Amino acid sequence: MKTGKNYRSRPWYTGILILAASALLMLPAACGTSENEESVDENRDSDSCASVDRAEVETRDLEEIIRAIGSTEAFQKVTVRPEIKGVIESVHFEEGAKVKKDDLLFSIDDAKVQAELRARQAALGEAEANRENARLIFERRQRLYEKNQISEEERDEARTGYEALKSQVKRIEAEVENIKETLKDTRVRAPFDGIAGEHHVDAGQLVDTATHLTSVFQTERLKIAFTTPERYLGDIRNGQEIRLTSPAYPEKKLSGTVYFMDPQIEMATRSLNLKARADNPDNLLRPGGFVSVELIAGVREDALVIPEEALIPTRTGYMVFTIEDSRASGREVEIGLRRPGFVEITQGLEKGETIVQAGHISLAEGDRVCSE
């Protein structure tokens, strides 16, 4: 009986001993951990700092830019048509070639005109001879009349014949000049320096005054047609500069000057139609193309600017971290113009202040910032 009683009590004593030993071991460890953590926290508060990129608030002259989409137009474009009806004798230019003013483009068969000219010139010669004979007769009768050898009626009859032949000569002279002009019209020439388009007719084709022969474009300068919203009306005036960028040459910027503002607002779109002149060196651009337009409406001198990445969006606007006495201090700011890489600050900062440019993602108010 004694042996069995001792057997039953052994597990109970063993459990008590294990629990007591565990409690004694855990107590010092817990106390030690708390002291270490407090020591680490104290060291962190006193020694740690945030590493950030800094920037200084500076000033720049900022252009006020109105952006638009435009299209290119030839500075001059003429649809070339003949002045007379006839058959094309020759084509004297290559399509797309440069031409000078008065260069011969087309010649029209002039055989009939030449024949008519010769006939009228012959008629003019005959009329001039008759006029000269009539003059002599009149002068002779005038002398006889002055001697009372003929009647006034006879003298007046000679003068009338002479005057009639003088008028006939003038009329035929006018006809000859008109035929000569028609002869000139058989030669179709370039109206100005430019580039010839395709020719729409070939030699041997019958044409009249409505036939489109070709077109000539002046492209050393271009017209740029574009529109802006009505709200910019007060910012735009003739003479303002524009910059152009074409998808064909994105790395090149051409410049021009506004010369036309439509007298009325487009009612359907509430927009203002504008035109500018722009140089086109080496004929880079062609009429009918697409361009991006930047109209320089003005310049804001000495505007405060900061790097764009320094801005932190908030529910009500934007803020930045300034650095004062090596501590980060949040400050609300108001922004103005934005340009690639930087932004204008209209309120909230002063020139020369130091701000956090990068590294503010994990930064909090009052955090210490590492010295540079």
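Just so it is clear, the model here is predicted, and its values are computed rather than measured.
With no hydrogens or angles considered, a side-chain donor-acceptor pair links H92 and S107 at under 3.5 Å. Side-chain polar atoms of T227 and N273 form no donor-acceptor pair below 3.5 angstrom. Checking T211 against D208 by side-chain atom types alone, a donor-acceptor pair falls below 3.5 Å.
Here the OH atom belonging to Y232 is positioned 10.5 Å from the CD atom belonging to E64, to the nearest 0.5 angstrom. Interatomic distance, CD1 of I296 versus CD of Q240, reported as 9.0 Å (0.5 Å rounding).
The same ILVMFWY cluster, assembled from side-chain heavy atoms under 4.5 Å apart, contains both L285 and F226. Hydrophobic clustering of Ile, Leu, Val, Met, Phe, Trp and Tyr side chains at less than 4.5 Å, counting indirect connections, unites L349 with V343. Taken together through direct or relayed side-chain contacts under 4.5 Å among Ile, Leu, Val, Met, Phe, Trp and Tyr, L222 and V258 form part of one hydrophobic cluster. V113 and L124 fall within the same hydrophobic cluster, defined by Ile, Leu, Val, Met, Phe, Trp and Tyr side-chain heavy atoms under 4.5 Å apart, directly or through other members.
For an aromatic pair to be called close, the ring centres must be under 6.0 Å apart, and F93 with H199 satisfies this.
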Could you pull out every donor-acceptor pair under 3.5 Å between side chains of residues 249-256 and any protein atom, sequence neighbours left out?
| unit_1 | atom_1 | unit_2 | atom_2 | d |
| --- | --- | --- | --- | --- |
| K253 | NZ | E294 | OE1 | 3.4 |

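R155 forms a cation-pi arrangement with Y145, by the criterion of a distance under 6.0 Å to the ring centre and an angle within 45° of the ring axis.
In terms of the side chain to side chain contact (heavy atoms under 4.5 Å, CB included) criterion, residue partners of Q218 (sequence neighbours excluded) are, by chain and number, F75, Q76, F192.
A salt bridge does not link D103 with K100: every distance from a Lys NZ or Arg NE/NH1/NH2 to an Asp or Glu carboxylate oxygen is 4.0 Å or more. Ion pairing of K98 with E220 is absent here, as no side-chain N (NZ or NE/NH1/NH2) approaches a carboxylate O to less than 4.0 Å. Between R143 and E146 there is no salt bridge, since none of the side-chain N atoms of the basic residue sits less than 4.0 Å from a carboxylate O of the acidic one.
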